Structures are given as C-alpha cells and as structure tokens.
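Following: one structure in structure tokens, then a few remarks.
Here the structure is a predicted model, which means the values were calculated and not measured. Excluded from the calculations below are hydrogen atoms, water molecules and symmetry mates; all remaining heavy atoms, backbone and side chain alike, are included. Naming: A, B, ... by sequence-line order, numbering from 1 per chain.
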Amino acid sequence: MPKIIGERIKRNEDPRLLTGEALFVDDVSIPGMLHAAFLRSDYAHAYLRSIDTSAARERPGVVAVITAQDMGDEWQPGPPLVSPPPTVKGVVFHSRPQVPLVKDKVRHAGEAIALVVAESRYIAEDAVEDILVDLDPIDAVVDIEKALHPDAPLVHEDLESNLAAHLIQQRGDYAAARARADVVIKRKIVIDRGAAGAMENRGIVADWDAKSQHLTVWDTTQAPIPIRNGIATRLGLSESQVRVIAPFIGGGFGPKMMMHYPEEILIPWIAVKLGRPVKWIEDRHENFFATTQERTQVHEAEIALTKDGRVLGVSHNFLHDSGAYDPYGLTIPLNTQSHVMGAYDVPNYYSDLKVVFTNKTLTTPIRGAGRPQGIFVIERLLDIAAKELGIDPVEIRMRNFIHPDAFPYQREIIDQAFAPLILDSGNYKPVLEKAATMIGYDRFVKEEGPRLRAEGRHVGIGLVSFIETTGVGPYEGARITVEASGKIRVATGVGTQGQGHFTSFAQIVAEQLGVGVEDVHVSTGDTSEFHWGTGTFASRGAVVAGNAIHASALAVRYKILKLASKVLEAPEEELELEDGQVRVADIPNMSISLGELALLANPLRGAVEPGTEPGLEATAYFGPQYGAAAFGVHAMILEVDPETMMVEIKRYVVVEDCGTILNPMILEGQIHGGVAMGIGNAFYERLVFDENGQLLNASLADYLIPTASEVPRIEVGHEETRSPLNPLGTKGAGEAGTIPVPALFAQALENALPDLNLEILEMPLSPNRLFELVQEKERDK
Amino acid sequence: MKPAPFDYYAPTTIEEALSLLARYGYDAKALAGGQSLIPMMNFRLAQPSVLIDLNNIPDLFFIRVAQEGGLRLGAMTRHAQVERDPLIAERVPLIFETMPKIATPQIRSRGTFGGSISHADPSAELVTVSVILDGSFRLRSQAGDRWVPAREFFIGMFTTQLEPDELLTEIAFPPLQPRSGWALLEISRRPHDFALVGVAVVVNLDEDHRCHNARIGLLSVGDGPVEAHRAAEALIGQAPTSAAIQAAAEIAAAEDIDPSSDIHASAGYRRQLVKVLTRRALSLAFERASTKPY
Amino acid sequence: MKLVGEYTFDGPREEVWKLIRDPEVLSTALPGTQSLEQVSENEYQGEMNVRVGPVGGVFMGRLTVSDEVPPESLTMTVEGKGKPGFLNGSGHVQLIAQEDGRTLMKYDGEVQIGGRLASVGQRLIDTASKSIIGQALDTLNQASKARLSAQVTGQAVEYKPPSETEFAASVAKDMAGEVFSSSRLIWIGVAVLIIIIILAIFLISSGGS
Amino acid sequence: MSDLYEVAVTINGKKYQRSVDPRLLLSDFLRHEINLTGTHVGCEHGVCGACTVLFDRQPVRSCLMFAVQANGHEIITVEGLGTQEKLHPLQEAFMEAHGLQCGFCTPGILMTLVPFLESNPEPDESEIRHAISGNLCRCTGYQNIVEAVKLASEKLRT
C-alpha cells in the first residue's frame, strides 16, 4: 500500500480559495433576500425601560423591526450548550443561558436589543439609528475579584451573588504534601481577556421555502449538525426540514462553536415569519461585542517542592470570568484544572474554581480554551521554584516529567468531557531534548548569553513544556462512496475552517482505497450530506472524524476486495488497490477500475445477493474511549530594548508530539498559526474594559492582532508517540501552538532582563506594561 | 458598518470645488484620499450630508520644484506618489524617509498629502514633519487665497486654520540648508499602527560643526504637532556630543511635553519614549549633517 | 476618566463668575440647538444637533448646576445621549481670586463615556479633552479680556472676536474632531460648560460690537 | 435617500455600467452588485487588508472607497488573476507552499503582492514581511505566506 498518510500533500481546496471561487456565507445571494442589523446596547448594565421603534418601522425599505416584546412566547433563553458536570461532589452551577433579545435588562455592552430587517444592510443600519431606547444604567460588574463582594451589583438578580459555579477537585492530600515540603511558593497570577479575531466575522443566511416547507441555513458555524437540531427544535420543525450548511469558513478558533448565538435563532426565525430569505453579516465592530471571548482568570497558586526540585503538590484557588451568561458551562475552567499539573507527575493537587458572572460579553473557548492559563500557572511556578532552588529551568522540568512507563496516567480528576482525566501516552524527555538542541539551549546559556550580555544586549532564552488534552468524544461519523466515475465521495459531519480537512481526510481514504488524493472529494459541514456528529473543536477533527473516516474507508475497502475477488476470480489476499484500480498482484492485465466495480455493485438488473448492500459505500463512526494527550515544548530567544521595552523574537522553536502525523505541511501550518495567536495573547492582544464595562478597543486598529512583522520564523520539529486510543494513532494539534506561548514569553523576558529581577505573573503584557513593571520594581527598591 | 447617506459631488476644477464648499459650508466635507474619513463614516461617527470628492481635480495632483529651490506639492498628491518621486528623495529627504512609515501600502496608494495635513491628527507623521521642515500651506476659498505656515496652521486635535469654505490646495517646502541632517524615528506596536511616540528631527551645523539650528517635532504627545523648543534651544551653539544630545533629550521629555495616556501607552511611558527617541534621532541627524552633502 | 486642571484668567473673579453663570447666555449659546428648556432654576434640558465638519448627530442632554457658591464655586452634572454613544459627567469648578487681580480656575471632573465613540476612539479621548479644555479656556480668557477692555475704554475692543459661525466652527470643529475619533467630548462636564460659556460670550460680544 | 449615480468601470478587463447610491462602498459594489465575491470584507475600517483590490494597478482597500469613485477607472480583483485550471504563478506558489488555511484573507494578500512583486521582483524576507504587514492573517502565522512569496518570485522570474 503506497504511503499517503504522513506525506506533504498539496491541498485539494486551495484552487477554489485562491481564485476567490470558494463559497463563504456572505457570498450567498438569493433573489428577494433581505438584510438584518441589530440595535445593540451602549451600556454594559442597564434596565430596559422602553423602546420606540415607530420611526424605524416607517423608514422606506424597512420590512420588520423586532423587539423581545414582539417575539411574545417565542422569546426564550438558551438553550445551554453544555450542562454542568454531574460527577463532582458538591458542584454548584447556576445555568443562565443567553437570551435572543434583551427583554428587561442589559447584561453586557453590545447585547442585542432589537432586530431590523430591511431591503439593504445600509437601510437596516439607518433604521437602527431611528430606534429610541430608554436604558437606565446601573453599576456594572467588571472586575472578577470584586464580583463576589457582598455589595457588588448582581448580573442576574434572581441569584444571591454573581457566583455562576463552584467546583473543587483534588488528588491526594495537598495540605500534607505542603507540610513536608522544603519549599512552598505562592503567587497571584492574572490573565486577561482576548478575542478570537477570525478574519471572517460571523454570518447567517436563512431561506424558507414555503412550498416545500424546507429551511436552508448557511451559517459560519463550527458545528452545523447541532445548529440544525437546535433550529429545528426552536422553530417547531422536524430535523429533516432544516438543512444547515457551513460552507467555507474564514477561521473559527472556538467562538464559532458557540451555539446558539441569538442571531442563529433569530435570523432563521424571522426568515420563516417573513417568508423571505434574510442575511445577517456581523461587522467587525459587532464582532467585538457579540462574538464570544476568553481567558480572564485570577489564580492564587501554590507549589510545594522538595529541595531537589521534585514537585510534591500544586494548589490553586481561581476565579474564572464567564461574562454575562454561561451556556458553555465549565469547559474552559475544567481545561485549566486539567492543565495546571502540566506534563508533570503531581501527586497532590487541589483546585478550587469559582466562576463568576460579569457584565461582559460571554466567554466560550478560544484556541487553547483554558489550557494556556493552566500551563501559564504551572510553568511560572516551576520557573520561580527553579530560581529559588538554583536549578536550571530545563532541569527542573526533566525531573518532574511523567515517566514514559506511567502511561496511561491517571490524573484522578475529571476533565472537560466530565470523564476521568487520563493521559493516554507520551514520552516527554526526547521532545524536550530535541527542542533544547534545536534552539541551542546549552550553548546559549553557557556562551552566547553571557557574551551578548557583555556586549550590553538584553537577549533571553526560554523553554517551556505543555500538554494538550485533545480529541474528545463523543463521536463523529463518515460515509464513503465509490462513484461510477471512480471518484470517491466522503461526507462527514464536522465543519472545516481552514484546517485542510479536504486534504488530510482525503489522504486517509486515498491510502486505503489506492486512489489519488485529488480524486477524493470530501464534503464537510452540510447536514444534507451527513447528519450525525458534533463539530470541529477541542482539537478533535483529525482524531475523531479522522478515525471515523479511516473506519469507513476500511469498510469500503473490504467491500471492494470482496467484489473484486469475485469479478477477477482471484483470492482477496492477492488483490492490490492502486491507481484507482484493483489488480491481481503480479498479473498486470488482470485488473478492474474502481468505477467499473462501483457500477457492478449497483446493478440495474438481476438481484443483489441477500445479506449484501448495493454500492461500494460504507458509513462508520468513531468514538474514543477518552481524549488523547498531545505534548510539546516551545523555546525562544528574544531581545528586549530595555529603554523602550520593545521586544524582538530572534528564534522560535516548537517540537510537538501529536501522535501520527497525517500531513506535516498542514500540521506545521496549524502550529505556525497557533504560535502567532499565542504571541498575540502574550504581548499584543488584550480587550480593555473600563470600570463601567465599556470595551475600549473594539476595532482592529486598537485590538492588536500580530502582523507578519511581529511573528517570527518558527522552526518545527516532530516526535511521534502514537495514541493507543485510535487506529490512526493521532492526537489533536489545533490548539498546541497557542497554549504555551505566554508562559514562554514570561520566562524569556525574565531571562533577558536578569538585572531587574522581574517576576512576570500576568498576561497579556505590552511594552507599556513592562515599563510599568520595571518602574514598580525600581520604586520598591 | 455602513456609512449614512450623503449627497455626492465630484468637481473637476478647484473653482468648482470652492463654489461647492461655499455653498455647503459645514454640511460638506471634502473627500481627499478618504483613508481617515471613510472609516469614521463606516463607524457612523462621521455623517457629513455632502461629500465633495477632490479626486477628479487634476490641478491638485503635482510635485514640482519651486523657484527658490524648494518643493511644491498639490494637495491631492498621493502618498504612494510622494514615496516614489526622486524629487522628494533629493529635496526633502526627511519626507522621503517618512513615507514608508505612514500606514500601509494600500492606504498610501489612496491617501493624500493634503488630506493628512487637513485632518491634523497629532499622530500623523506628515503633520509634525511639515512643521519642522517649515512647510507652508496654500488655502483657497472663493473669497481669498492665502499661505499659512505649518507652525501656525495646526490649532489642536483635528483643528486647523481651515475655514469651512476653504480648501488646502498646495503645500510648499523650502530647500534644506547646507550641512543639514534629519531623522524620523517612531515606536509603534505594529508597523502600520499610529506611533506611540514619534520624533522627527532636522538639524543644521555651522561651519565649525556646531549646532546652528535644530528642530525637534514630536508625534502623539499632544493635541497637535509638538515642537520640543527647549530641547532645541539647548543644542544651539553646542558641539553635537553625546552628552549634549542626551541633555537635550532629557529636556524634551521633561519640559517640552505634557503627554496623555491611552490604553497603549501611559503618559510616563510616552515621556520615556520621547527621551530615548529624541536622543537616537538627534544622533542620527547630526551624523547625517556631518556626512551628507546637505 | 478624570479631568483635573487649572487655568488663570486675566480678570477679576466676579467678572469671570458672571461670564460663566448666566442662564440667558446658556440658552442662546449652544450651537445647533434645536430645543433648550430650563427645567428648573439650575437644570437645563436640550436637544442639540451637532453637525459640524464631518460629524453629525442629535444629542439629548441634561445639565444641572448645583452647590453654587457665588462667585467661588459650582458643581455641574451633565448627561448626554446621542446615536454614537453616551456621556455622564460631573465637575467641580472653583474660582480663586489672585493677589494680582487675576483669577485662578480649578476644575476637577469625572467623566464616563460609552458606546461607539468610547469603543473606537480611546486613542484620542484623553488628548482631546485636554485639547478642548485648553482651547476653550484660552478663548474664554481672550474674550474676557476683550470685554473688560471694552468696559474700561467704552470703545470697540481691539480683540476681534470671530463671528458666531466662525466661533462655532472653531470650537465645534474641534469637538467634531473628537467626536469622530473619540468621544462626545462635547458633553464632558467641565468642558461642556466652558464651551457653552465661550459661545455665549462670543455671541454677546459680536452682538454688542 | 440620495440620488443614484452612474458608474462605468472596467473590472478584470470587462466593462460594467451600474447606477449606485453614492454611499455604496466599493467592496460591497464588487461583491454584491458585480457578484465578484472573491474580494472579502474583514473589518471595514481599513486595517485587515482582506478587501484589497487593484485600482488603476495600485493596491487599495476597497472598503475605504465608494463605488461611485471608481467611475472611469480600472479594477482588478482576485478573479482577474488565474483560474482554478490555470492558476497565476503567485496562486500556484501559495498552493505549493501552503500559504493559506481558511483562505479568507488570501485574495487581499494576493492583490497586495501582485504589484509588490512587479516593483520588487527579488524581495528578501524582511521586505516581504513589511509588504504584507497591512494584511492580517489569523491562520498561517505568515511563515508559509513568506515562503510562497519567495517561491512566486522565483516562478515569476523564470
């Protein structure tokens, strides 16, 4: 069998994207289509006293203006996307899902108050300005550390406090471990909010065909099937009456997994009401308020070690900012809890999580999803411990890695899938050694660093490790069909947002069926093609959908061989699949093309044998026992201008181990993009809210997504520890690039400025913030 | 993010444009490159009811040598044009060096010299640079035609001497003195962002290689272009030693400015940047003054 | 955002007070005023069409003067709402007579800005407010000097105030600038008061000359 | 409602005549009036660069121009480069070097690079990075875009 998996194969989807012919949601155009715009709140927290839409309704070209009142009984909150974990004792969770339109109280700036539908987006925006709304502002809950104060205003007044959830997880006995430790280090660590910043904003087009009673929805979602199911339920339709298409999506990064956004209910709803197609395209300013965000957490963290740097235990109490509602449950902070132990053998662990409501846009996972915070906490604690104990930062990590023989390794807590967290496999030391070699760690520490320092330059090195729990269930499925043309069609339920699924999935099939990758046509994200599944998130596409495709390819291969054996009158063992043909080994003339075989499998006359199915087609599903844990090490060398605090990354090295690599070109691309986002998280991207909950940088001019000038060349190395949990041996990699970057930045910055003895305990930073930290340090002296 | 409605005029002569400005006054906004105005219109923060598009007036597009050896630019000369014109490189090298630092290539294709000046953003490079180069601006209306020196033109943030019926039509720069040096240094988060601080410098040495004249212009530290007069005075008559330069830089940071804070830079950080960049820019400029033919 | 500062006027405190506290003046001074009613002795409510330069928008505003201690101090509270956002602010203004016959004005205010202006214009808010206040106070001082000089000489003043349009233009242009990049600074507590006053003075001066 | 204005414009070599509201952004005109949806819109305030097209052969942000201003001018969009069957060498290079992932920012980057490579046929890495610094890409981390430009520069020279 020719090896296709693992090859650098050019992407099938590229010609369409490169010529501008790929269909994105905003490219959908339907005759008679109307355009929607929303009136959004200027205030973060306010009572809605009254709303006057009369002028808007009268504006020529306006077709409908809808408020919560106008929706009557059809106004319903939610539905929640993820329910709280039932398995942990004493868990508190107050479910307060999002609402379609503000009814009585605004809970975050930019929350939608009214929907306008008009003949053009221009007119719709004119009409939004015509609406008179009387909002009575009240104090806002912004700072998560003040949110639980008894005097804090309440985001949800039916609750006693702004506590959304409380959950304690523990392993072993941290207090006892602490008591016998040689060193205990305690720090407060703060991480602030950022945006996903996909280049394509969200958008929805809904088209109701009254004659066929069928609704078609194009949606920029990472999860078309659950969206289809939710829309059907909300609109009282059967699932077969609704088709959701997630066409080409201009980047997801998590927030397009959130469901259901208010717009995802309202646009289909109004399209059915009006009997006309309706399009809503989120603009960039709206995106900063209406699309979910992530990262704010405050940790009081502690690590207990022996004097030779062995970790005895880690403990942290932390606050997580949920924003105004909590439909996504505890996914993010559970990920944090799962990652505060990093890649290390931590025998004792205590984690007390409090989730709080604030008057800010809601929080759902963004690339990394709670893991960057967790890794930042553990890697910072280790760095500080290393400094205190006089151990090299690389050495302290080596000493604490989980031993390769210890896998599968039980963490004894539950993870985001509400299942026990088990690290399936791993071999961490070689990965770290490779990264250290690639960046020249020893040489830098011994020679280069001191030499540069002597020259008066401020160049620092950093090296951190991380794990990433990936590829969570429940399941995905795929259907593979050999067509009479000899081409292969693959349909799966996940959506795709640039991950190269059209190619990597095709590679899996091509290898099994002996066809060219370009002859495998993959369809993703269209519920009319395949309608079982969940979505592309949590670095699970290649793991879960990939293995479903693999299973289904094996089933089709079996059918091909069985039929070909009969046709060619040769035993199955002697058959080869190559170049779109089934051949009898060593007899070149005895062959049949897959296309011909497909025709024979679907005869027009005669009878199909009992017990067999027509066609060369199979559907299979894959659900992993539990998630696969990827591992990686990032290292960087950076230079700081101590006068301006501007930073230049000189070198950046990534060594990852995400199991079997399907397509290294695509994998490296994922890593590059992840690192770029991590650099944003570390040094550029911060959503700044004032004390009234006003977002002060709701534009791409002030929210600083890194450009080609800030992102360095990234050198990528690979190790492959196959996951035993799936036949392909894959682990996810989508988020790996992003996770450790803030921790790495902090370490390298401290290393570059040794005289200042800085301790970086917050992210994101900026030159201005670094300057302030140095000033504070000098003031303390 | 779609602009509110407006009436649109596309005059083809300056006279026609002036007559429209006279007619509509404050209701109208002249549309030059539109690279600052249109984003504001898209955000609906600016909602002019009349737009007078200057892009079809050929007389506003030119770069030519002035009689006294300086340079004249039509107000609609696009940044990309200025960036590539050998006359600019030769006659006003500071502007030549400034151009690639303005926004992005796409913005420079469309943005205009006069548009940037009229908009008077305190973070705009050309605003400050035109002051320290002693540029002057020709303002025309149906009623008159006047030249205003750059140092008097800018009143405050987005505020200039332009009356509602006036149009900036032309920009003039005098020739550089012999033994001149120049530099523009900026700190911005990403290359195309507004500078957190920028320092533009023109210095001029006398025959004894002492500082004969120094102009130090600062970006993003006030409500308009800010000249560091005290720092400049401290240099006059001095040999441009690193100590003299350092002293001037410290004066600039301590005495010449009253910067504001925003989410990207506190006032204190801005002072620090002014100090560092002034020192670096002066060093570079003095070095050029002693080695270059100007 | 905090707005704190001081300014020295070249005139006696009573004169300055008179200038800044004249309801007649207030009611005629707002540029583009569509309606302005005095709700109570110290409370004004109005609708302003700010349509200068590139910026347009209707702002509803309420202005309250309290804690008035003539000719020493007053507090004002401003609430403004318009399509691009809202502003709430309060400011305390103090006039202190100086030995040289001049008057020191101290102002201290706190302003909340929200909506589109705050979310995209942060780069300019701080600078813009300083700019407005600075310019407004300068202009006010010029006007005050002119008025005093007129009182003394009984002659047409040398200082030539701009026409109503010109003035509105020069102040409002400034405000317009901010509006389009930063905020409805037009409504910023103290600044608002000052701008209104200046407008009023100019209206009076130009009407009187 | 403002009056409509006639616009006669050449796009990708083809002449079009339309009546437009003067406030119609050029990006919306190209996408929704002419149906050339390859030009994407990412921010509508001139930062992301996704909507870059060639206007009289110069790269411009089509979200920062009004359609009415295109009257009498020539525009080239991504649809004017190559076809799926016959890609432009720059497009080929992007495919070979994996210079795109979700592909949303790609048309704007291609249209920024076409004139860049014309005026700078052998750019070094820092020139390339500077040239695309007005185009945001969230997927690729830019590295493979840089590789693609180097590859394209070779292709275009041979």
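- Atom CG of Leu25(D) and atom CD1 of Ile38(B) lie 7.5 Å apart (nearest 0.5 Å).
- The environment of Arg57(D) atom CZ is sparse: at most 12 non-hydrogen atoms of other residues, nucleotides or ligands sit within 6.0 angstrom.
- The six-membered or imidazole ring of Tyr9(B) lies away from that of Tyr5(D), with a centre-to-centre distance of 6.0 Å or more.
- Distance check: Phe66(D) CZ to Leu31(B) CG gives 6.5 Å after rounding to the nearest 0.5 Å.
- Side-chain atoms of Asp28(D) and Lys2(B), non-hydrogen and from C-beta on, do get closer than 4.5 Å to each other.
- Atom CZ of Phe6(B) and atom CG of Asp21(D) lie 7.5 Å apart (nearest 0.5 Å).
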Begin with the C-alpha distance, continue with both residues' side-chain angles, and end with the deciding distance and a verdict on side chain to side chain contact (heavy atoms under 4.5 Å, CB included) for Val47(D) and Thr104(B).
CA-CA 9 Å; Val47(D) 182; Thr104(B) 62; over 6 Å; no

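- Interface remark: of the candidates Ile107(B), Leu51(B), Asp193(B), Asn42(B), Asn42(B) forms the most heavy-atom pairs closer than 4.5 Å to chain D.
- Using a 4.5 Å cut-off between heavy atoms, Arg190(B) contacts chain D through its side chain alone, with no backbone atom that close.
- Not one N or O on the side chain of Asp7(B) forms a donor-acceptor pair closer than 3.5 Å with the backbone of Pro22(D).
- Here the side chains of Arg61(D) and Gln35(B) are in contact, with some heavy-atom distance below 4.5 Å.
- Between the side chains of Gln106(B) and Asn135(D), at least one donor N or O lies within less than 3.5 Å of an accepting N or O.
- Only the side chain of Pro191(B) comes within less than 4.5 Å of a heavy atom of chain D; its backbone N, CA, C and O stay farther away.
- Relative to the ring axis of Phe55(D), Arg110(B) places its NZ or CZ within 45° and under 6.0 Å from the centre.
- Note: Asp53(B) CG to Asn71(D) CG = 10.5 Å, rounded to the nearest 0.5 Å.
- Exactly one residue among Asp56(D), Thr52(D), Val60(D) makes a side chain to side chain contact (heavy atoms under 4.5 Å, CB included) with Ser109(B). That residue is Val60(D).
- Note: His45(D) NE2 to Phe43(B) CZ = 4.5 Å, rounded to the nearest 0.5 Å.
- Of the listed residues (Met111(D), Glu44(D), Gln58(D)), the greatest number of heavy-atom pairs within a distance under 4.5 Å of chain B belongs to Glu44(D).
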